[in-house]
Amino acid sequence: MMSAAAGGGASSSCIVGAAALSGSAAGTSALGAGGGGGAGVAGRLPVRALEHVFSYLELPDLMRCALVCWHWNSCLSDENSEVWRALCVRTLSEEALRSDILCNLPTYKGKLKAFQHALSSHDCSRNVYVKKNGFTLHRNPIAQSTDGARGKIGFTEGRHAWEIWWEGPLGTVAVIGIATKRAPMQCQGYVALLGSDDQSWGWNLVDNNLLHNGEIGERIRVILDMEDKTLAFERGFEFLGVAFRGLPKACLFPAVSAVYGNTEVTMVYLGKPLDG
């Protein structure tokens, strides 16, 4: 499931983004149709026995298990259980688990979700790469090039928030925002790549300009609301307001672009914004 999100097209990425590591709502409807509400042998297995078995499974199998019956779904609903801890240890690098990258995510399932939504090593400029921690983008010192990357998963619905950590100098251009699959992730020269056409929207951190289709908007500061079709920014704990309205009904991906050599950018998906 994770590899499909990382390397697939826009439609497959959005489908994975909607289904993987989701809450139990989707499972609930399926259980009502064929799970029998926990009836049968599956519904009588002790929680400890189930957790022991589940702790050996990978994410796609756990998602299927959550649809078997109410009992299994309830067992997997604890986001800090041994099941999610074991999967987290197997999936994430030791560097990521020991660093401060995931410090704002209190559950193992939340950490897995952040990894699933991280910047993609398969959907980026050839001049950048994702470090071994799985979350940090490194731009090689290439002259006269602007280089970017998209997240592994795009969004067509719901409300989503993510953090961007920019380490090192910004250079002349440093843009964060969103992009469709059609937006380029590399171009010649030092330009604000995100927002340079009608396929991306970005905030240039250097001069506080909002960019879309080559036009400069008002000064404001990342929360994507696919229901209201808006993009907003925060800095620290200060909400800076809505930056873009009227976003298209398309699959939109978190994205960044940079020009400074050895720049490192970390993206951590947080889930639904805390303001509800």
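Quantities reported herein were computed from a predicted structural model and do not represent experimental measurements. FYI, side chains are in, hydrogens and waters are out, and symmetry mates aren't considered; it's all heavy atoms of this structure.
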So if I apply the side-chain contact (heavy atoms from CB on, under 4.5 Å) rule between Phe135 and each of Ile101, Leu119, Val130, which one comes out positive? Ile101

Name the one of Thr266, Thr263, Asn262 that satisfies side-chain contact (heavy atoms from CB on, under 4.5 Å) with Glu167? Thr266

Hey, are [Y] and [X] close enough side-chain-wise for a donor-acceptor pair under 3.5 Å?
{"X": "Thr230", "Y": "Asp228", "answer": "no"}
{"X": "Gln186", "Y": "Ser145", "answer": "yes"}
{"X": "Glu163", "Y": "Trp165", "answer": "yes"}
{"X": "Ser55", "Y": "Glu82", "answer": "no"}

For the student: nearest non-hydrogen atoms of [X] and [Y], plus distance:
{"X": "Leu50", "Y": "Cys75", "value": "CB-SG, 4.0 Å"}
{"X": "Arg150", "Y": "Ala183", "value": "NH1-O, 2.8 Å"}
{"X": "Leu105", "Y": "Lys111", "value": "O-NZ, 2.8 Å"}
{"X": "Val256", "Y": "Val265", "value": "CG1-CG1, 4.1 Å"}
{"X": "Asp198", "Y": "Trp201", "value": "O-CH2, 3.9 Å"}

Hey, do the aromatic rings of Tyr190 and Tyr260 have their centres closer than 6.0 Å?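 That pair fails the under 6.0 Å test.
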
Among His138, Glu264, Glu95, exactly one meets side-chain hydrogen bond (donor to acceptor under 3.5 Å, both in side chains) together with Lys131. Which residue is that?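 Answer after filtering His138, Glu264, Glu95: Glu264.
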
Student check: side-chain heavy atoms of Lys181 and Cys251 closer than 4.5 Å: no

Does Tyr129 belong to the same Ile/Leu/Val/Met/Phe/Trp/Tyr cluster as Leu92, with side-chain heavy atoms less than 4.5 Å apart forming each link?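 Unlinked, Tyr129 and Leu92 end up in two clusters.
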
Output all residues satisfying side chain to side chain contact (heavy atoms under 4.5 Å, CB included) with Val206, sequence neighbours left out; order by chain, then residue number. Leu170, Ala174, Asn204

Salt bridge or not for Arg182 and Asp197, using N-O below 4.0 Å?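 Salt bridge absent between Arg182 and Asp197.
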
Step by step, work out the side chain to side chain contact (heavy atoms under 4.5 Å, CB included) result for Phe155 and Leu252. CA-CA 5 Å; Phe155 308 108; Leu252 301 176; 5.6 Å; no

Using the test side chain to side chain donor-acceptor pair (under 3.5 Å), find all partners of Thr107 that sit at least two apart in sequence or belong to another chain. Glu79

Aromatic ring pairing His117/Tyr269, orientation class (parallel under 30°, perpendicular over 60°, tilted between): parallel

Can you tell me if Glu227 has over 12 outside heavy atoms packed within less than 6.0 Å of its CD?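 Atom CD in Glu227 is packed in, count exceeds 12.
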
A quick test of your reading: do over 12 heavy atoms of other residues, nucleotides or ligands sit less than 6.0 Å from NZ of Lys132?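 Atom NZ in Lys132 is not crowded, with 12 or fewer foreign heavy atoms closer than 6.0 Å.
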
